[in-house]
Amino acid sequence: MEYQPREIEKKWRKHWEDNEIYQVSNDSDRPKYYVLDMFPYPSGSGLHVGHPLGYIASDIFSRFKRLKGFNVLHPMGYDAFGLPAEQYAVTIGVHPAESTAKNISRYRQQLDNIGLSFDWNREVQTCDPQYYKWTQWIFIQLFEHYYCNDANKARPISELRDVFSQEGNANINASTSQKETFTAEEWNVLDDKAQDDILANYRLAYRQVQYVNWCEELGTILANDEVKDGVSERGGFPVERRPMLQWSLRTTAYAERLLQGLDQVDWSEALKTQQRNWIGKSEGAQAFFNLRDFDDQIEIFTTRPDTIFGATFMVLAPEHDLVDKITTPDQRKAIYDYLEYAGSRSELQRMSDVKTITGAFTGAYAINPLNGKEIPIWIADYVLKDYGTGAIMAVPSDDERDNRFAEHFGLEIIPVVDKTGYPNADMQDKVGKMINSGFITGMEVKDAIQAVIHKLEEDGIGKRQINYKLRDANFSRQRYWGEPFPVRFDENDVPHPVGLDELPVELPPLDDFKPTADGKAPLGKLEDWMNTSKGRREIDTMPGFAGSSWYFLRYMDPHNNQAFVGEDAVNYWQDVDLYIGGAEHAVGHLLYSRTWHKFFHDLGLVPTEEPFKKLVNQGMIGGRSNFVYRANEKFAEQYLEKKLKQVSQSFERNKIIGSGENAFEVDFACEECKVAIELKAMHRLERYDDKHHQQFEKLGYTFVPIATEEIFNHYHNFSPIAKKIEKALAGEKVNPNPNAKETALFVSQDMIEDRSAVTKLHVDVNIVHNDIMDTVAFEQSRTDFRKAVYVLNAEGQYKCSHAFEKMSKRYFNVVNPDDMVSQYGADCFRMYEMFLGPIEQGKPWNTEGISGVQTFMKRFWSLFYSMDGYIVTDDAPTKDELKIAHTCIKNVNRDIERFSFNTCVSEFMKCTNELKKLKCHKKAILEDLVVLLAPFAPHVCEELWHQLGNDTSVNLSTYPSHNEAYLKEDAITYPISINGKKRATHEFPVDASKNEIEKAALELEAIKKWTDGKTVRKVIVVPKRMVNIVVG
RNA sequence: GCGGGUAUGGUGGAAUUGGUAGACACGCUAGACUUAGGAUCUAGUGCCGCGAGGCGUGGGGGUUCGACUCCCUCUACCCGCACCA
């Protein structure tokens, strides 16, 4: 009986579904294990073979853990709100809900096709009102809390109100954008609006005017991590900086905990480093500089307070609040011009052009607080409004950018750090001895930093400060397809959350998804919806990361109507034990999720501080593109030249005929036989009319237009063209054969003589096998190459070249998992995905290799079935057979735990090959192996498991573990080396002593040959490993 | 520029603590069986050399009886960040 994956897989998938075999209970005595895949966004193009890599790995691990006795949560759902669906709606006119539903069902089909063991009863979709009800609820919680730095956790805003009305804000140590302090009296006389403005400075969800990444093309603002190289990550549209009133989340409050938490999770160092960089902690000092003619102060942050005596000027960001105020009349024009210039520069321009030094002098002066020196204040866009305070003290002696700026504008440079003791140190390294620096002169940099901070604090003009690069997250999007904010504004524009009984605030139906003309969100078009008796609704919607920042908690308890996740459920499942997904979410999603999780923890809603214990980043699977080479005009020319020389040696290339004004160049001409030939693409020959022929006649030439397509068409048989030329020689008028119109010539890669005579084109990898193209399929697949002619190689084959590229439609290298499954079966496909290489490594997909796994599947099957039917026996296993099986059991167990799935597949192959050689068909051996293989190839194993006589699913079985006794060796083959080079091998009993081995080894013929005439200086015997003899 | 990673046959990749480099596959070569082969099976396959043997894990150096593995250094490629004060 042959292995028929299609039937087996269909049968068992239905069986599993009918019996709800993958349903998981929250009520179990077994230890829990939570395996999560990153939330997919259901895109319109479906999955290619690169996508399921992580899903298959996590599925194998889930099944493995289940068989090891764990209660495994392994859910799946969709991050279903998002820009692409809305863009699609704007351009094609399909409602996002509709296209999203369609894409989801296609995803589901593809996922099911692979035999993944998800508990679909727990599926969540972020666009489902029953789900986003809780996203909105979370938003309200954020709105109603502030971050207390003393308690180091989030606390209710209501507490803050009480404190303010009793003692003002002086004693509140919170993460806040509130700068001014106030007393209880001052607070109590403020009106609602004013009080709310202050509270907003404390709320974890608050509105502020921010310079945002506005993307005109998408009609929305984008988060920093949605902008790459100055253009939108999706679509690549230009992005500009623009001030807008936006909802923000005070994620900066959690910066330190986000940083500390990284030490507790089992993630790759690369990923942690990326997050650390994104959080960007730097320690230094805050300092205030007085101005010469104003009462204002400029606040700066510096990591190098030691260099303050070298501060010879200040630089403000162009957007800095004080710029307008302090600019002197005679500098006004210069500053104005500069502001205009800086404003006109897009983010992209600024980033791509960091070398150009620009800036302008305000005319104002600041006073160095430590030495009273007056220093000029400049503005320049190398200082960023959003970083630090938007102002710096410039120290050109010890900072490269300041140095370049000073050199460029001729500003003073005072050396303050003597680095002669550190010859290898760079300008910015924090080492050296202070010079020219008042009271710190002579100190080492490290001590000077502390001394200056101390002095600043003593004088009340600054203090020690820690700064983070992390910004508060933008939480508003001017789009339709997202969660509506559960917020209404009263007549004073004060936001109020809707009552919890009003949740969810459902997204109202809409037909036209374009932003309004004045840049307002689409929901603004729905006057009735927007204006309610209780106030005006927020018309922006939440960003993509809103729904995806907590979905992993909802899976624990997806149908709970009372809470975003039930207490029992979250206390049972705790956190995600294993999270598998792509590295593209390294900062965005993972950082937001961690922040929310910590907030939930503060509120006592989740027991854990970190949501994802272990994280594995699967590598990208690239495409293996194939190329064909299409002959171009130059090829035709070269070919024609060769052929013409055979007709007549006197044909010349690029020949000028005629003289004076009537002279012109033709591609080929023969002066003796009076024939002129033009070789051009067919469509270019069409303009040659009778007049053209007559022109040649006047010069005494016969004109022969030849189409390149014609050359290609007759490449293998030149005679029709030769005939044509003969006709022309006889003075007859000839025209190109219009039937040749569509002909293209393709040259096999190994037959190319001149690379410039051919054009490289991508060809669909699905019609190429081992780089040999199926030419029939090629012509069927490409309407533009219906009539192709080929220059084949010696084997009569068309050979393609290949390259590794991103898997993408435009490279014709996309391989669809559905095709793989229908051709080879899901089990085979799963195993091949794993067999490709280490899960974390990027690698190219090459369909050819799958045949090796297919052979394995058939071989494994053949241990159970021959042509005549089922052949499994109840015979007792031999020692050898047990050893083979238990070696495999041991190694597979070890390798799964190490996430080394590729070597697991190798182990299975080795084991099967060896058993096959021994013609082992014994139940006692095979039954264990069926369970061992089940996580990888669940369908075939279920079939064989039942065939072996079991009634329940193989999924409910127990994973085999090896018996060390079966692995014992009687003898060990030792490699015997001379000076580290292996020269012989010899078998010794396991219990042979070092001395015995040494003695015997030296007696070996193969070894004597090397030791003869030399001194044996040393013999190293490592028991059970090797022997090394040192001679010299 | 900074940070992280990778480098092993024609190809994908193996190699517990330093201990037989190239497992397992793809491809290729030869053969068997076949009407056929993109089926199956057998043998071979790192490179050079007829051979003995030599050389081989990106390059160079070091530690060691012994290095893909540890140390130093250089190179190439990939990823992330980037006027970050």
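Note that the structure is a prediction, hence the values are computed from the model and not measured.
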Enquirer: Sort me out a list of protein N/O and nucleotides 61-69 of chain B N/O pairs below 3.5 Å, or just none if empty.
Expert:
from	atom 1	to	atom 2	distance (Å)
B:C65	O2'	A:Asn1028	ND2	3.1
B:C65	O2	A:Asn1028	ND2	2.7

Enquirer: Between B:G56 and B:U6, how far apart are the P atoms? Round to whole Å, please.
Expert: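 Their P atoms lie roughly 25 Å apart.
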Enquirer: Determine, for A:Lys843 against A:Glu833, whether the closest basic-nitrogen to carboxylate-oxygen distance falls under 4.0 angstrom.
Expert: no
Enquirer: Let me know, please, whether A:Tyr974 or A:Glu269 comes out on the 5' side of the other along RNA chain B by nearest nucleotide.
Expert: A:Glu269
Enquirer: Rounded to the Å, how far apart are A:Ile300 CD1 and B:C84 C1'?
Expert: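 About 14 Å, once rounded to whole Å.
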Enquirer: Between atom CG in A:Asn277 and atom P in B:G1, what is the gap in whole Å?
Expert: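 Taking CG of A:Asn277 and P of B:G1, I get 17 Å after rounding.
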Enquirer: Closest to the A:Lys843 side chain: B:A15, B:A14, B:G12?
Expert: B:G12
Enquirer: For the CZ atom on A:Arg6, are there more than 12 heavy atoms of other groups (residues, nucleotides or ligands in this structure) within a distance under 6.0 Å?
Expert: no
Enquirer: Would you say A:Gln841 reaches B:G13's phosphate, i.e. side-chain N/O to OP1/OP2 under 4.0 Å?
Expert: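 Yes.
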Enquirer: Using side-chain contact (heavy atoms from CB on, under 4.5 Å) as the criterion, list what pairs up with A:Asp266, not counting sequence neighbours.
Expert: A:Lys614
Enquirer: What is the distance, to the nearest angstrom, from the CE atom on A:Met620 to the P atom on B:C79?
Expert: 8 Å
Enquirer: Step by step, work out the side-chain contact (heavy atoms from CB on, under 4.5 Å) result for A:Asp398 and A:Asn403.
Expert: CA-CA 7 Å; A:Asp398 288 273; A:Asn403 186 273; over 6 Å; no
Enquirer: Taking ring-ring contact (aromatic ring centres under 6.0 Å, His included) as the definition, give me every residue that meets it alongside A:Phe864, ordered by chain and number, with sequence neighbours left out.
Expert: A:Phe860
Enquirer: Among residues at least two apart in sequence or on other chains, which ones pass salt bridge (Lys or Arg N to Asp or Glu O under 4.0 Å) with A:Glu987?
Expert: none
Enquirer: Do any N or O atoms of the protein come closer than 3.5 Å to N or O atoms of nucleotides 34-37 of chain B, and which pairs are they?
Expert:
none

Enquirer: Please identify each residue that fulfils salt bridge (Lys or Arg N to Asp or Glu O under 4.0 Å) with A:Glu907, with sequence neighbours left out.
Expert: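 Salt bridge (Lys or Arg N to Asp or Glu O under 4.0 Å) check on A:Glu907 returns A:Lys910.
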Enquirer: Could you pull out all donor-acceptor pairs under 3.5 Å where a side-chain atom in residues 975-984 of chain A meets a protein atom, sequence neighbours excluded?
Expert:
from	atom 1	to	atom 2	distance (Å)
A:Asn979	OD1	A:Val1031	N	3.0
A:Asn979	ND2	A:Val1031	O	3.4

Enquirer: Mind checking ring-ring contact (aromatic ring centres under 6.0 Å, His included) for A:Phe405 and listing every partner two or more places apart, or none if nothing turns up?
Expert: A:Phe313, A:Trp378, A:Tyr382, A:Phe409
Enquirer: Rounded to whole angstrom, note down the C1' distance from B:C65 over to B:C50.
Expert: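 Pairwise C1' distance, B:C65 against B:C50, rounds to 35 Å.
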Enquirer: Could you pull out the protein-nucleic contacts involving nucleotides 38-45 of chain B (nitrogen or oxygen on both sides, under 3.5 Å)?
Expert:
from	atom 1	to	atom 2	distance (Å)
B:C41	OP1	A:Arg859	NE	3.3

Enquirer: Over how many whole Å does the gap from A:Gln274 atom CD to B:C79 atom C1' extend?
Expert: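 So the two atoms are 8 Å apart, to the nearest Å.
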Enquirer: For A:Arg276 and B:C81, is the shortest distance between a side-chain N/O and OP1 or OP2 below 4.0 Å?
Expert: no
Enquirer: Rounding to an integer number of Å, can you tell me how far A:Lys469 NZ sits from B:G3 P?
Expert: 13 Å
Enquirer: Can you say whether the rings of A:Trp861 and A:Tyr865 are parallel (under 30°), tilted (30 to 60°) or perpendicular (over 60°)?
Expert: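 Correct class here is parallel.
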Enquirer: In whole Å, what is the span from the CD1 atom of A:Ile375 to the P atom of B:A85?
Expert: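 Whole-Å distance recorded here is 19 Å.
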Enquirer: Atom CZ of A:Phe288 to atom C1' of B:A85: distance rounded to whole Å?
Expert: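 Taking atom C1' of B:A85 as the reference, CZ of A:Phe288 is at 16 Å.
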Enquirer: In this structure, is the centre-to-centre distance between the rings of A:Tyr974 and A:Phe988 below 6.0 Å?
Expert: yes
Enquirer: Once side-chain contact (heavy atoms from CB on, under 4.5 Å) is applied, do any residues pair with A:Thr855, and if so which ones, sequence neighbours excluded?
Expert: A:Arg859
Enquirer: Produce the list of close N/O pairs, under 3.5 Å, pairing protein atoms with atoms of nucleotides 54-57 of chain B; give distances to one decimal.
Expert:
from	atom 1	to	atom 2	distance (Å)
B:G54	OP2	A:Arg983	NH1	3.1

Enquirer: Got a donor-acceptor contact below 3.5 angstrom from the A:Thr251 side chain to the A:Arg471 backbone?
Expert: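 Side chain of A:Thr251 to backbone of A:Arg471: a pair is present.
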Enquirer: Say you pick atom P in B:G27 and the same atom in B:G12; how far apart are they, in whole Å?
Expert: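 My reading of the P atoms in B:G27 and B:G12 gives 15 Å.
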Enquirer: Specify whether A:Trp845 and A:Tyr832 have parallel, tilted or perpendicular ring planes, treating 30° as the upper limit for parallel and 60° as the lower limit for perpendicular.
Expert: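 Ring orientation, 0 to 90° scale: perpendicular.
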Enquirer: Specify the glycosidic conformation (syn or anti) of B:G59, with syn defined as within 90° of 0.
Expert: anti
Enquirer: For the side chain of A:Pro975, counting heavy atoms from C-beta on, which of B:A85, B:A23, B:U20 is nearest?
Expert: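 The closest nucleotide is B:U20.
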Enquirer: Rounding to an integer number of Å, can you tell me how far A:Asp895 CG sits from B:A23 C1'?
Expert: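 That distance rounds to 12 Å.
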Enquirer: Between A:Phe301 and A:Leu836, which is nearer to the 5' end of RNA chain B once each is assigned its nearest nucleotide?
Expert: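 Residue closer to the 5' terminus by nearest nucleotide: A:Leu836.
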Enquirer: For the pair A:Glu256 and A:Lys281, find out whether any cationic side-chain nitrogen is under 4.0 Å from an anionic carboxylate oxygen.
Expert: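 Yes.
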Enquirer: Say whether, by atom type as modelled, one donor and one acceptor occur between the side chain of A:Lys469 and the main chain of A:Asn277 under 3.5 angstrom.
Expert: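 Yes; judged by distance alone, with no hydrogens or angles, the pair exists.
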Enquirer: Distance check: side-chain N/O of A:Asn902 vs OP1/OP2 of B:A14, anything under 4.0 Å?
Expert: yes
Enquirer: Side chain of A:Arg401 only, please: which of B:G12, B:G27, B:C83 is the nearest?
Expert: B:C83
Enquirer: What interatomic distance, in whole Å, is found between C1' of B:U45 and the corresponding atom of B:C26?
Expert: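 Each nucleotide's C1' atom is 13 Å from the other's.
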Enquirer: Counting Watson-Crick and G-U wobble pairs with both distances under 3.5 Å, what is the dot-bracket string for RNA chain B, 5' to 3', using [ ] for crossing pairs and | for pairs to another strand?
Expert: (((((((..(((......[....)))((((((.......))))))(((....)))..(((((..]....))))))))))))....
Enquirer: With distance as the sole test, does A:Ser866 use its side chain to make a donor-acceptor pair with the main-chain N or O of A:Asp868 at under 3.5 Å?
Expert: yes
Enquirer: Give the intermediate values and the outcome of side-chain hydrogen bond (donor to acceptor under 3.5 Å, both in side chains) for residues A:Asp895 and A:Ser900.
Expert: CA-CA 5 Å; A:Asp895 289 351; A:Ser900 175; 4.7 Å; no
